[in-house]
Amino acid sequence: MIDFKDITKTYGSGTEAYAALRGISFSINEGEFVAIMGPSGSGKSTLMHILGCLDTPTSGTYRLDGKDVSTMSDNELADVRKGKIGFVFQSFNLLPRTTVLRNVMLPLVYAGVSPRERENRATAALNAAGLTEEHFTHLSNQLSGGQIQRVAIARALVNDPALILADEPTGNLDSRTSLVVLDTLQKLNRWHGRTIVLITHEPDIAEHSERIIRLRDGSIISDEKNPAPRDAARETELYDDPA
Amino acid sequence: MRTRDLIDETYVALSTNKARSGLTVLGIVIGIASVIALVAIGQGAQSSVQASIESIGSNLIEILPGAARQIGFGASGGRGTARSLTLDDERAIAQVANVGAVSGEYSGRYQIAASGANTNTSVDGVDASYAAIRNTAMDQGSFITDSQSVSLAKVAVIGPTVVSDLFGPDTSTANAIGQRIRINDLQFTVIGVTRSKGSSGFGNQDDVVYIPLGTALQYFAGNGNHFLSGIDIQATNQTSMTQVQNDVAALLLARHGVNDPTKADFSILNQADIVSAASSVTQTFTILLAAVAGISLIVGGIGIMNMMLTTVTERMREIGLRKAIGATGGDINTQFLAEAIALTFVGGGIGVALGWGISFVVTLIGLVVAQVTFSSIFLAFGVSAAIGIIFGWYPARRAASQNPIDALRYE
Ligand SMILES: Nc1ncnc2c1ncn2[C@@H]1O[C@H](COP(=O)(O)OP(=O)(O)OP(=O)(O)O)[C@@H](O)[C@H]1O
Ligand SMILES: [Mg+2]
């Protein structure tokens, strides 16, 4: 599904040029759950932005479902994002002063889905992300951090994307809430076959994935299978009932 | 993106910051309202000036003694000062083709007294034909006749203003008939009162005393002086005005023995010239008003642009987020443009209503009959839409052209 060949990304130019990614190659198959790890500043977010067609690489080729994305125009990229990709960002995920439901329906607004179907699909997505009706009319500034991340996940999957990209979705959450969010992602992966790329710098979180790619200074230092992914659902139960 | 959603988004965005949106709209409201009201007032003034000039008479050509002066509002200033027009001139002019009626005039300001009250006003010695030439209608009694002019009768036709000045404001015009008045210490009998013409424009045409021309020349012009202070000619129809004017000019030049037309000892005023001179003045005035109003409209537009630029900067991360979840540059562009246009349309609507209201009040107060035309409303709406597009364009472009990553990272 994803095919990265020799991707580099350089910010700025001349003496101030900074190479955030220095020749990255890997591929991800459909249905995989991949974690990308690395210390702060190693280029994780940069990588995710290119993966998510929000940005184009400075050099190298990126094929998404066989199509070369690195040379697409802005409008073509917008179409790819609309149809195939759902994002959960590191921060600033929701529109301010906007209800939960409206936030989740927004991708469908741009996709031109009819109002009735929008509401059905947004409700389904919010339920899948573990949110109940009572939260639907909350404004985005009336939610807890964990709820915000789950609304963001709901929005990421509302237009049924094949690929979900999550940048530190548990970054600001306590471990209990982190597990709930991870559980949501794992279920999407196992039950619905979504490809998930999870970015984190916490080993605890990364161990829930099936494969871990480690970055340092813009290069891959390791790319290995995780033989025994942890199960967030079971851990949640243990957490609630330590006996 | 559906139109319905666009309207929703626009409403939400604008109502989020009501005070700011309101103030921005106010700028447009003031601009549009002032365009509508000022143009209406200008146009009202224009037609009232035109109407008042037309009320002086129709197809009127005036000859004044003395060298030609600039046509304009001061046109009658030289009246009676030079001595070049005579009764014989008047008789000769009557023979020119297409001249319907001619009246000589001898006028001056005199003290008028009656039963204790007195006033100082214009006394016009005129012929019987004057009433027809000048559209002067009678309220009571009758106008001067030619036989009264020949017999040097001491009779007077007075305007309604003179009636109230001399006999008190409560006196009915009918009671003025038969009253004796003293003009310059000569006793006259009132035989008629003219109907009111209103005082707009060219002096108060109701504050005047008419007496027979012969009488005026006999008693007020001094011994053997037969020079007139003006001759009024009525052409038989509009199309013959130029021909009559040219023929009369040639006739008078010949009679006065002047070869060079630029050295003529009289000047001719054509009513059409006065109308066009006056309306060009009022038109300039209207354009000036519209320009001032237009400037305030531009200032309002800049207010919109300012607000939109601020909004774009404030909502930078929102723009990034929208783009990340599938909005195209076009979607963002449309959204911000829609906000700007919505502001100007709301402003335009309220502005039209307010402008209309102001025109109505101005008319009600009686300053001038303001005329709100559909073209000015149409124009105002067109202009406000254009302002929305023009001043919203740049901010919307700026929003649309943001790279989603830069926008998301914006602080
Ligand atoms: N727009 C930019 N202009 C210049 N440099 C940038 C820009 N964006 C990122 N960088 C640089 O690229 C490097 C990688 O940044 P990136 O955001 O990908 O790090 P990260 O791995 O996501 O870190 P963190 O874990 O803190 O989120 C950093 O050194 C950063 O300074
Ligand atoms: Mg990051």
Side-chain angles (χ1 to χ4, degrees), chain A residues 9 11 20 45-56 73-99 102-115 118 139-140 152 154-159 161 164-165 167, chain B residues 1-22 307 310-339 342 396-411:
Chain A
K9 180 71 188 179
Y11 289 112
S45 294
T46 307
L47 180 63
M48 187 190 97
H49 294 150
I50 294 174
L51 269 176
C53 300
L54 282 170
D55 212 350
T56 47
S73 72
D74 284 353
N75 278 346
E76 287 170 319
L77 290 176
D79 274 346
V80 172
R81 293 197 292 269
K82 192 159 26 183
K84 292 192 176 158
I85 301 167
F87 291 96
V88 181
F89 290 104
Q90 202 164 358
S91 60
F92 194 78
N93 262 306
L94 304 184
L95 292 189
R97 298 175 301 271
T98 309
T99 64
R102 213 181 152 78
N103 261 297
V104 175
M105 290 194 301
L106 202 56
L108 303 177
V109 168
Y110 288 117
V113 173
S114 76
R118 248 184 246 167
L139 298 181
S140 39
R155 192 194 52 214
L157 53 91
V158 75
N159 54 354
I164 292 174
L165 300 172
D167 192 355
Chain B
M1 200 172 180
R2 292 162 182 242
T3 318
R4 184 63 236 245
D5 295 323
L6 188 63
I7 294 169
D8 271 9
E9 292 278 349
T10 306
Y11 175 76
V12 169
L14 293 182
S15 57
T16 301
N17 204 330
K18 291 197 183 67
R20 191 201 288 170
S21 304
M307 157 165 176
T310 315
T311 311
V312 168
T313 312
E314 276 178 3
R315 287 157 66 189
M316 198 57 97
R317 299 211 290 176
E318 178 189 324
I319 293 168
L321 187 61
R322 285 174 185 275
K323 283 197 145 186
I325 60 175
T328 58
D331 287 330
I332 302 290
N333 196 32
T334 316
Q335 188 187 332
F336 281 91
L337 207 52
E339 285 176 28
R397 269 285 306 280
R398 228 171 99 149
S401 63
Q402 293 300 324
N403 170 307
I405 293 306
D406 294 340
L408 271 171
R409 281 178 189 263
Y410 189 87
E411 326 233 80

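Protein chains get the first letters and strands the later ones, always in sequence-line order, with residue 1 at the start of each.
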*Measure distances from A:Ile85 to the heavy atoms of chain B and classify the residue's part below 4.5 Å as side chain, backbone, both or neither.*
neither
_Is A:Val113 in contact with chain B via its backbone, its side chain, both, or neither, using a 4.5 Å heavy-atom distance?_
backbone
Chain A against chain B: donor-acceptor pairs under 3.5 Å:
residue	atom	partner	partner atom	Å
B:Arg2	NH2	A:Gly112	O	3.4
B:Asp5	OD1	A:Arg118	NH1	2.9
B:Asp5	OD1	A:Arg118	NH2	3.3
B:Asp5	OD2	A:Arg118	NH2	2.6
B:Arg322	NH1	A:Tyr110	OH	2.8
B:Lys323	O	A:Arg81	NE	2.8
B:Lys323	O	A:Arg81	NH2	3.1

_Closest contact, heavy atoms only, A:Ala78 versus B:Ala327_ = CB-O, 3.9 Å
*Could you tell me which residues satisfy ring-ring contact (aromatic ring centres under 6.0 Å, His included) with A:Phe87, sequence neighbours excluded, listed by chain and number?*
A:Phe89
_Pairs of heavy atoms under 4.5 Å with chain A: top-ranked of B:Gly330, B:Gly320, B:Ala324_ = B:Ala324
